[in-house]
2 protein chains.
Amino acid sequence: MKRKVTLKQIAKELDVSISTVSKALKDSAEISLDTRQKVKAFAKLYNYKPNNIALSLKNRKTKTIGVIIPEIVHHFFTTVIGGVEKVANEKGYNVIICSSNNSFDKEVINLEMLASGSADGFILSVAKETQLKKDYHHIEETMSQGMPVVLFDRIIDEVVCDKVIIDDAKGAQTATNHLLSIGCKKIAILTTVDYISVGKLRTNGYLRALRAYDIPEKEELILKIEDIDNCEAEISDFLLDKDIDAVFAVNELFAVTAAKVLDRQGKKIPDDISIIGFTDGILSKHFIPSLTTISQHGEDMGIRAAKLLIDKLEGDDAVTEEYRTVIIDTSLIERKSTKK
Amino acid sequence: MKRKVTLKQIAKELDVSISTVSKALKDSAEISLDTRQKVKAFAKLYNYKPNNIALSLKNRKTKTIGVIIPEIVHHFFTTVIGGVEKVANEKGYNVIICSSNNSFDKEVINLEMLASGSADGFILSVAKETQLKKDYHHIEETMSQGMPVVLFDRIIDEVVCDKVIIDDAKGAQTATNHLLSIGCKKIAILTTVDYISVGKLRTNGYLRALRAYDIPEKEELILKIEDIDNCEAEISDFLLDKDIDAVFAVNELFAVTAAKVLDRQGKKIPDDISIIGFTDGILSKHFIPSLTTISQHGEDMGIRAAKLLIDKLEGDDAVTEEYRTVIIDTSLIERKSTKK
DNA sequence: GAACCTTACGCAAACGTTTGCGTGTGGAAA
DNA sequence: TTTCCACACGCAAACGTTTGCGTAAGGTTC
């Protein structure tokens, strides 16, 4: 089995020094035209490619961005990655993706692994466990070693760094407002437990919208779900015979599940009950009825996050010292799960 | 801004040599207990982590697996990645993911980039364009440089390497058989154009099943779709007033779209028409009615692919010389889009 | 006191690059 | 013939590790 050809091998073959080969390939004027051509022909013949590892070591940078997300099998996160890749590739960066699987430990391991030489900086959405545990030492350690971090979506207020988020509360408020504006008055919310930052913020937005309409908040219209993967029974019980005319779900799965159980309970959507979800994923789009939802513009988030990071990586110290929080606009996508 | 601490810095600080530090951290008996403890304490204090890049260079391996897939925002591929990650992490490998976006050029670029030092081996599902173009030089070049490649799902028969696939034809046959066994006789198929290997194989399986039941193949029951992203109108036209009692769709989107347009055309599913899809994704599961489908067991594919690759990477030359093709079983998941 | 053995450490090479600077060769100018 | 200058190339260091081997210092044995 052949191995990759190196400068050294070319040098030996052509009976010149390594540096001559290196310079020739870079078209240095120091090297005679003749030698340059010979070297280049040889290099092409043997398909020479500089060894990135050696370059990384020498340049003390890898030209690689590390992305760590809580789940890889998740439409929203993959769209964000898509955005990151777009910018990164444009600017000559490689993207390396790890999933923490929502585990704090795995997040730490992944971050440390990538931080010890594999990536120059990070784009990160923290694991549930991390939010619960409130242990951010790994992130702060990474930054203190000179590697910039951009947090997105599931961020941490206490950590000072660049951030890309949507205004979750505002998005939720928009959704709730829309329901109110089409005449709904009894709006239930399907949300997550409070330690999930985005869930809590969306709940707040919902409450704010109600207050603005002078509608009292009712405990019995709020369901905080812990186990996302087994939410159907819980949602079904919650919704059964409840006197409501709308449901706001803080994510796609809750919205679809609500639609399903309501259908089973004999309710018509949107005639009896309107539904709005959050996250414009594949489910919302293809479900029957298609779901009105709040789009988070995942790709945009990825694009902005990547830009922030690359600015930090390539910027001078002035840029390096200031931290920015970019808020991506959400938008309401009206489909068929809400009345006109 | 601090930089990462190196052996050299520790050595200088403690006034010993670099090799002493290195050996001390490895608990070498060559170094006195006293020094060892001192070094270790210091290393912990300054949070020393060996530089992976330097190690990669020295060891001539990166302990990283490169995964290149056609689309990142795709449920099936992400489940495969999940499987790869599982095995890789267990065995101390890092996973780096790139998407080719179904572009031949981007596939080549990604592969070359990763091949020049970032990964030891590859798990790869080729881009549509590559299948169409039949240009595999980049893959063969990579292998000829000593880096093993495992192809999965969208593979290339002409390239000799390890492969992980499902028996697409058999899966399609199972699906069609199921439709036949519940009494359907006029089964339409929604498939892709022939150059997509998996589409063609699934079509073949469909035809095989029909033949086994002595049902003549009818041209007008076969729709080959080129533009997956805008298939709705095409499918709608195709299905309108067609005399059929079942639809077999070679992917999830076709199945859901068929369900949607049939619903719109006033057909009841599964009473008037049964539908079976391919790929057990999030859509099939949550759609109403939930879709009967052929599961590809993406995670298993990822697991097997990763195992094959790591075997090659760590195996002696005996293992290295033989190539295996693993066929993952598909299974029929019966849901509500087919009659009992 | 000489010969020898441990102990505890340092040296240097290697992985594959890049690059500033030193140097030998040749030709041209004086 | 001598002096000088381009030209074309090689040397060596550096990036951060690991590791076989060399070697001082100190102790033991006769």
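Residue numbers start from 1 in every chain, and the chains themselves are labelled A, B, ... in the order their sequence lines are given, proteins ahead of strands.
At a cut-off of 3.5 Å, with distance as the only test, no side-chain donor of B:Asn89 or B:Lys91 sits close to an acceptor on the other residue. A:Ser17 and A:Thr20 share a side-chain donor-acceptor pair at under 3.5 Å. Under 3.5 Å, the side chains of B:Ser197 and B:Gln131 contain a donor-acceptor pair of N or O atoms.
Less than 4.0 Å separates DNA chain D from no heavy atom of any residue of residues 110-122 of chain B. Interface residues of residues 21-29 of chain B facing DNA chain C, ordered by number: B:Lys23; criterion, heavy-atom separation under 4.0 Å. The stretch residues 9-19 of chain A comes close to DNA chain D through A:Val16, A:Ser17, A:Ser19, each having a heavy atom under 4.0 Å from the strand. Proximity of residues 54-66 of chain A to DNA chain D (heavy atom under 4.0 angstrom from any strand atom) is restricted to A:Leu57, A:Lys58, A:Arg60.
Shown here are the side-chain contact (heavy atoms from CB on, under 4.5 Å) partners of A:Leu25, two or more places apart in sequence or in another chain: A:Leu7, A:Val21, A:Val39, A:Lys40, A:Ala43, A:Tyr48.
Residue pairs that meet the ring-ring contact (aromatic ring centres under 6.0 Å, His included) test with at least one member in residues 68-97 of chain A, sequence neighbours left out, are A:His74-A:Phe77. Sorted by first and then second residue, the ring-ring contact (aromatic ring centres under 6.0 Å, His included) pairs with a member in residues 108-132 of chain A form an empty list; sequence neighbours excluded. Under the side chain to side chain donor-acceptor pair (under 3.5 Å) criterion, the residue pairs touching residues 54-66 of chain A are A:Thr62-A:Asp120, with sequence neighbours excluded. The ring-ring contact (aromatic ring centres under 6.0 Å, His included) contacts involving residues 99-118 of chain B comprise B:Phe104-B:His138, where partners must be two or more places apart or lie in separate chains. Pairs engaging residues 130-146 of chain B under the salt bridge (Lys or Arg N to Asp or Glu O under 4.0 Å) rule: none recorded [sequence neighbours left out].
Put simply, the side chain of B:Ile139 reaches to within 4.5 Å of the side chain of B:Leu124, judged on heavy atoms. Side-chain contact check for A:Lys128 versus A:Arg154: some heavy-atom pair is nearer than 4.5 Å.
At most 12 heavy atoms of other shown residues, nucleotides or ligands fall within 6.0 angstrom of atom NZ in B:Lys86. The number of heavy-atom neighbours closer than 6.0 Å to NZ of B:Lys307, taken from other residues, nucleotides and ligands shown, is 12 or below.
Distance alone, capped at 3.5 Å, is enough to place a donor-acceptor pair between the A:Asn52 side chain and the B:Met113 backbone.
Interface limits on DNA chain D: the 5'-most and 3'-most nucleotides within less than 4.0 Å of chain B heavy atoms are D:dC15 to D:dC21.
Remark: B:Lys4 NZ to A:Ser116 OG distance equals 5.0 Å, nearest 0.5 Å.
By the 4.0 Å N-to-carboxylate-O rule, A:Glu85 lies close enough to B:Lys106 to be salt-bridged with it.
Checking A:Tyr48 against B:Thr35, the closest nucleotide of DNA chain C that is more toward the 5' end is the one next to B:Thr35.
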Polar atoms only, N or O, under 3.5 Å: list the protein pairs with nucleotides 22-26 of chain C and their distances.
none

Could you walk me through whether A:Thr6 and A:Asn51 pass side chain to side chain contact (heavy atoms under 4.5 Å, CB included), step by step?
-> CA-CA 8 Å; A:Thr6 68; A:Asn51 181 324; over 6 Å; no

